[in-house]
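Data first, discussion second: the structure below is written as C-alpha cells.
All residue numbers refer to positions in the sequence shown, counting from 1. What you see is a predicted model, and the numbers here were worked out from it, not measured in a lab.
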Amino acid sequence: MKKLTKTSRWRLILTQVKKDKRAYTVFAVLSLLVLAVIVRNALLGRWENIFTGVLASLLLWVPPVVERRFHVDLPTTLEILAYLFVFSAEILGEIGNFYVHFRFWDTMLHTLNGFMFAAFGFCLVDIFNKTKRFRFQLSPVFLAIVAFCFSMTIGVLWEFFEFGADMLLHTDMQKDTFVTAVHSVSLPNDLGQKVTHVTDIISTAIVTESGEVIVMNGYLDIGIVDTVKDLFVNFIGAVVFSTIGYFYVKHRGKGKLAGQFIPVFVGGDGTDEEDTLRNEERETACENN
C-alpha cells in the first residue's frame, strides 16, 4: 500500500476546497483579503494584528481539513458560514474593531457559534449511530440533546479561554459593560450579609496609587454581563439547531433546511488501499484542473 506524503495530503485538502465552486470562491476571496490585511499591518508595524491575521488564515483551512480528516461532507451553506464566521470574528471583529463599533456583533457571532457547533455535535453522534462498530442507536430526542450539550460545552470552554486571556495576558476579550445599579453583600453596611442596593448610578471614579482619577459613566462590570450574555445567545443558537436536527432525524432526513447545515459522513478511514487509490485519483484530477 502506497503511503501518501505530506505534500500529497495538502493537495488532497486543496482538492477538498475546490470541490464546491461557491464555497471555494468565498474561501479564495476571504483568503486574499486576509493576506492583504496581514501585509498592511506588517507595513504599519502592528504585530498583534499580524498574529490575528495569520490565525484567521489558518482557521480558514479548518473546514476542508475536517472534511478530509474525518471523512465528512460539509454542506455548502455550512462551509460558507464557517468561512464568514472566521473572517467576521478575527478580521472584522478584532482588527476592524467591530466588537466596539457594533455592540450586536459579538452577540451575533456567539449565536451563530452555538448554531454551528450544534450542527457539528449532531454530525458526530449521527456518525456513531450509523457505524456498525457501535451497538447503540440514539433516538431523535437524545440526538438533539447531545448536539445541544456539545454546543454548550464548546461555548463554556471558549468563555474559559476568554477569562484566561484576560487574567494572564491582560486583554479584554470579556468586554466590560457599564451598568447603573449594583446589588451586593460586599458593600459596607451595618446589617451583616444583607444585600445593599445602589441604584441610579450616574458615575464612578477609580483612583490609582499614583493619584490618577478615572471617571466613568456608571459602574464598570468586569466581564460578567458579557459572559452570561454570550452563553445565553449560544444557548439560543444551540436550541434552534437541535430543534431543526430533531425534526430532520424524525422525518428520516427529508428536511431541506436541516440538510443545508448538517455534515454528512461519507465513510472510509483513509488507511485502506481502496481509499488511498481514490485519494490519488482525486489528486490527479486536481493537478489536471
N113 to S151 - nearest heavy-atom pair and separation: O-OG, 4.4 Å

Minimum-distance pair of heavy atoms, taken over all atoms of R103 and T107: O-OG1, 4.1 Å

Residue list, ring-ring contact (aromatic ring centres under 6.0 Å, His included) with F148, at least two apart or on another chain: F235

Geometric class of the F150/F117 ring pair [parallel <30°, tilted 30-60°, perpendicular >60°]: tilted

Partner set under side chain to side chain donor-acceptor pair (under 3.5 Å) for H101, not counting sequence neighbours: none

From OH (Y248) to OG (S242), nearest 0.5 Å: 15.0 Å

Chi angles and distances behind the side chain to side chain contact (heavy atoms under 4.5 Å, CB included) call for V86, W61: CA-CA 10 Å; V86 170; W61 284 93; over 6 Å; no

Over 12 non-hydrogen atoms of neighbours within 6.0 angstrom of CG in N97: yes

Connected hydrophobic set around V213, excluding itself, where side chains approach under 4.5 Å: V207, V215

Joint cluster assignment, F120 & I236, ILVMFWY side-chain distance < 4.5 Å: yes

Close side-chain approach of H183 to T196, heavy-atom, < 4.5 Å: no

N234 versus G155, closest heavy-atom pair with distance: OD1-CA, 3.8 Å

Over 12 foreign heavy atoms within 6.0 Å of CG, L84: yes

Side-chain donor-acceptor pairs of residues 156-164 under 3.5 Å, sequence neighbours excluded:
unit_1 : atom_1 : unit_2 : atom_2 : d
W158   : NE1    : E162   : OE2    : 2.8

Min side-chain heavy-atom separation I201-T204 under 4.5 Å: yes

Single-linkage hydrophobic cluster, 4.5 Å side-chain cutoff, V240 and L78 together: yes

Gap between atom CG of L55 and atom CD of E90 - 0.5 Å precision: 5.0 Å

same_hphob_cluster(F87, F104) at 4.5 Å side-chain heavy-atom cutoff: yes

Common cluster, L58/V26, ILVMFWY with side-chain heavy-atom separation under 4.5 Å: yes

4.5 Å side-chain heavy-atom contact, D176 and D221: no

Verify same cluster id: L109, V62 (apolar side-chain graph, 4.5 Å): yes

Listed partners of H170 passing side chain to side chain donor-acceptor pair (under 3.5 Å), at least two apart: none

Which atom of I80 lies closest to which atom of A23, heavy atoms considered: CG1-CA, 3.9 Å

Side chain to side chain contact (heavy atoms under 4.5 Å, CB included) against T77, all qualifying residues, sequence neighbours excluded: Q260, F261

From CG (D73) to OG1 (T76), nearest 0.5 Å: 8.0 Å

Residues which pass salt bridge (Lys or Arg N to Asp or Glu O under 4.0 Å) with D226, listed by chain and number, not counting sequence neighbours: K229

Straight-line distance of S57 OG to L33 CG, nearest 0.5 Å: 11.5 Å

Those residues that, when tested against L112, pass side chain to side chain contact (heavy atoms under 4.5 Å, CB included) (two or more places apart): L81, F85, M116

Residues forming a side chain to side chain contact (heavy atoms under 4.5 Å, CB included) with F98, sequence neighbours excluded: L92, F102, W105

Pairing residues for T208 by the side chain to side chain donor-acceptor pair (under 3.5 Å) criterion, not counting sequence neighbours: S210

What side-chain donor-acceptor pairs closer than 3.5 Å can you find for residues 39-48, not counting sequence neighbours?
unit_1 : atom_1 : unit_2 : atom_2 : d
N41    : OD1    : N49    : ND2    : 3.0
N41    : ND2    : V37    : O      : 2.8
W47    : NE1    : G45    : O      : 3.4

Nearest atoms (heavy-atom pairs only) where A144 meets Y246: CB-CB, 4.0 Å

Aromatic ring pairing F27/Y24, orientation class (parallel under 30°, perpendicular over 60°, tilted between): parallel

Pairing residues for E94 by the side chain to side chain donor-acceptor pair (under 3.5 Å) criterion, not counting sequence neighbours: none

Side-chain heavy atoms of I91 within contact of V34, under 4.5 Å: yes

Nearest-0.5 Å distance, OG of residue S88 to CE of residue M108: 5.5 Å

Interatomic spacing from CG in N217 to OG in S203 - rounded to 0.5 Å: 7.0 Å

Minimum side-chain heavy-atom gap F178-Y219 below 4.5 Å: no

Taking every non-hydrogen atom, the tightest pair across A82 and P63: CB-CG, 4.0 Å

